[in-house]
Amino acid sequence: MAGPDTAPPRDFIRAVVGDDVAQGRVTEVVTRFPPEPNGYLHIGHAKSICLNFGVAREFGGRCHLRFDDTNPTKEEQAFIDAIIEDVRWLGFDWGRHLYHASDYFETLYQWAEHLIDKGMAYVDDLTADQIRAYRGTLTEPGRPSPHCGRGGDENLDLFRRMRAGEFADGAKVLRARIDMASGNINMRDPVLYRILHAPHPRTGDKWCIYPTYDFAHGQSDAIEGVTHSICTLEFEDHRPLYDWLVANLPVPSRPRQYEFARLNITHTVLSKRRLTQLVEGGHVAGWDDPRLPTLAGMRRRGFPAAAIRDFCARIGVTKSDSVVEVGLLEHCARELLNKTAPRRMAVLRPLKVVIENYPEGDGELLEAVNNPEDSSAGTRKVPFGREIFIEAEDFMEDPPKKFFRLAPGREVRLRYAYFITCTGVIKDKAGSVRELRCSYDPATRGGNAPDGRKVKATLHWVSAADAMPAEVRLYEHLFTKPDPGGDDFLADLNPNSLEVLKDCRLEPALSNAGAGETVQFERLGYFIPDAESRPGRPVFNRTVGLRDTWAKVRGQK
RNA sequence: UGGGGCGUGGCCAAGUGGUAAGGCAACGGGUUUUGGUCCCGUGAUCCCAGGUUCGAAUCCUGGCGCCCCAGCCA
């Protein structure tokens, strides 16, 4: 069993790294996680983070956190801050190795001049549209730009004037001189620098030209001594360019790029473009909406970081496109939480029960186990009285065959309390059940009958006199379809992804539920206080429900 | 019709010539003061077709299918 943070997984990336170490090709393994600060991190990033930091740790190396901040028109400091918080929360530490591609802007600039000197780059005056037209298509080769023959001095002069701010955005670009006829479009004289008169979150107004991803990434890796630059499959086509640049520039080391398949999960979306659309379009309540697969959202929802790490370890790392069922993620959360979450009782949809033979005005404290999976968690006292609330769905006036819970004349157990028998049903004018009358057996205190009598169900409950009112938010999948449609994915949004219950009742022990601590509401699932929770006005999020075989039986009848 | 990848049970995924691990899901059954947990049991001949071999998911040939690439995004 691949428990949390146990046996390190074995995959093709680790095989390569292990081989490089064994053959002496590298002495220290250095990886990096390189987010662009233009959005929040999601669980797809978690896969990459676990891979990069995991490999570094397993081989005694190090992993850098480096922001790929080469496009100031899309990036913000707020995203940088959020990303740092999320990676930390996930449980990884980059030590003093926090970097930004923008740290290397001056060096990258010098290397661009170096390329010009070698005749391997030129300044192009073509517009973006013209460049596209000259680039050819997937099946037809491109044609050289009319400016590709410019002399070195002219190119150098033009490039320096680009830096000096003499030209408008888009007026000129610096391009590598490689091969306009290459089958690989990335090699058809790719753009290396573009003019962007935009302030940068870190370098301010110092620059008005910025390197492209291709010109920044590999060189940044080389500067940092990264040995294994691990990225996703869509960059496979960029590897020849990555290698070309690193081979033709006076870089201090020779990193290698390896690609793995990005993560996909059913019933959600995992692309930054779509997540941004959901947030900016107001379809969710922000980047940390608990329905989102963002790390911030999952944290708020109550997913433990260790469960996410476990999930990432279980899905593996390969090169084949795959879609992991959300069920696995939910399983990872349940498995961990089952062992760690304290048990409490809470009633989501209260139905009042009056125990008629229980002395009026009396009350008592009953002992309840905090976690049957962890005896060290101890016990607590739960108040009991003549009037209690039970879950409305735990009673049926006319129960079907397989319904084991409370019904007229039937006896069930109240967890850690007594056996009760339903003796009466009170309804309102509309005919719906308002209240139940029951009797209890004083001999069954604690939940066991001395005569060995059995009941078929155990219900959770809360003392009416002591209950604390609360709001509880239930979540379902954000999308109704396993694979939300392409451009039309908003049409697949699940209208019932959020259900707010405003009249819930909690046992008193829940009043000091610690922030960030997920608890189990017995028989219901795992819940965590929401960020909007306040003393005296608690709000809980359901992280995930318990497995519910009754729901299955009920569903298929 | 160019270039780069991928194809093992419903979903992931081991396997690298010697006779198909594991996890999730599903379905049976047992235990149980959570219809939870836990325990036991049930399923593939490996995209297709040829070939090499005593023997192939693993090697060769030819097909088929799916994904990525024509941003001065990353």
Side-chain angles (χ1 to χ4, degrees), chain A residues 1-2 9-11 34-36 38 68 70-71 73-75 124 126-128 131-133 135-142 169-175 181-188 190-196 209-210 212-214 216-217 231-240 259 261 266 272-273 314-332 334-335 338-339 343 345 368-369 372-373 402-405 413-417 419 444 446-448 455-460 482 520-525 545-554:
Chain A
M1 182 184 70
R10 201 67 203 169
D11 51 64
E36 182 192 11
N38 67 342
D68 229 326
T70 57
N71 185 355
T73 66
K74 292 189 174 177
E75 298 153 6
D124 198 347
L126 258 28
T127 65
I131 286 182
R132 187 178 313 118
R135 185 152 35 221
T137 68
L138 294 179
T139 54
E140 301 157 17
D169 286 6
K172 296 189 180 345
V173 291
L174 181 73
R175 293 229 255 168
S182 173
N184 181 345
I185 290 177
N186 292 299
M187 299 300 269
R188 321 240 264 228
V191 170
L192 269 21
Y193 264 93
R194 72 287 214 192
I195 300 171
L196 250 31
I209 58 172
Y210 293 93
T212 56
Y213 163 84
D214 286 308
H217 205 95
C231 62
T232 43
L233 250 30
E234 64 269 28
F235 292 100
E236 212 153 15
D237 288 341
H238 293 244
R239 188 170 0 114
E259 312 87 10
T266 60
K272 231 188 265 183
R273 195 195 115 247
R314 291 188 193 221
I315 57 178
V317 178
T318 69
K319 297 191 70 151
S320 53
D321 292 311
S322 60
V323 185
V324 178
E325 294 174 339
V326 255
L328 180 60
L329 217 204
E330 294 168 352
H331 167 82
C332 291
R334 287 193 191 102
E335 185 179 79
N338 175 52
K339 293 184 194 119
R343 270 58 169 177
M345 290 199 284
V369 173
E373 306 292 321
K402 295 215 175 156
F403 185 84
F404 305 149
R405 282 109 96 144
R413 170 169 41 231
L414 293 178
R415 183 147 232 230
Y416 301 126
F419 284 12
T444 58
N448 281 309
V455 289
K456 296 196 75 173
T458 300
L459 309 187
H460 61 278
Q520 182 192 107
F521 288 178
E522 296 236 14
R523 303 210 302 138
L524 296 173
L546 258 28
R547 276 189 69 220
D548 188 353
T549 54
W550 163 242
K552 264 182 221 165
V553 173
R554 186 217 291 129

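For the numbers below, each heavy atom of this structure counts, side chains included, while hydrogens, waters and symmetry mates do not. To find a chain, count down the sequence lines: A is the first, B the second, and so on, and within it residues start at 1.
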**Asked** Do the side chain of R343(A) and the base of U34(B) come within less than 3.5 angstrom through a donor-acceptor pair of N or O atoms?
**Response** yes

**Complete:** Of A74(B), A26(B), A70(B), the nucleotide closest to the side chain of R132(A) is A70(B)

**Message:** Considering every strand and a 4.0 Å limit on heavy-atom distances, what is the contact class for T266(A): base, sugar-phosphate, or nothing?
**Reply:** nothing

**Request:** Describe the nucleic acid contact of D237(A) in one word from base, sugar-phosphate, nothing, applying a heavy-atom distance below 4.0 Å.
**Result:** base

**Proximity of F403(A) and W550(A) rings by center, below 6.0 Å** = yes

**Message:** Regarding I131(A), tell me which of base, sugar-phosphate or nothing describes its non-hydrogen contacts under 4.0 Å with the strands shown.
**Reply:** base

**Request:** For T73(A), answer base if it contacts any base atom (sugar-phosphate contacts may also be present), sugar-phosphate if it contacts only those atoms, and nothing otherwise; contact means non-hydrogen atoms under 4.0 Å.
**Result:** nothing

**Request:** State whether a side-chain donor-acceptor pair under 3.5 Å links S320(A) with S322(A).
**Result:** no

**Prompt:** Would you call the rings of Y213(A) and F235(A) parallel, tilted or perpendicular, where under 30° means parallel and over 60° means perpendicular?
**Reply:** tilted

**Request:** Take L546(A) and E140(A), find for each the nucleotide of RNA chain B with the closest heavy atom, and name the residue whose nucleotide sits nearer the 5' end.
**Result:** E140(A)

**Asked** Does the side chain of R413(A) pick up a donor-acceptor pair with the side chain of T458(A) at under 3.5 Å?
**Response** yes

**Message:** Using a 4.0 Å heavy-atom cut-off, does K402(A) contact any base of the nucleic acid, only the sugar-phosphate backbone, or nothing at all?
**Reply:** base

**Earlier contact from the 5' end, RNA chain B, for T212(A) and I315(A)** = I315(A)

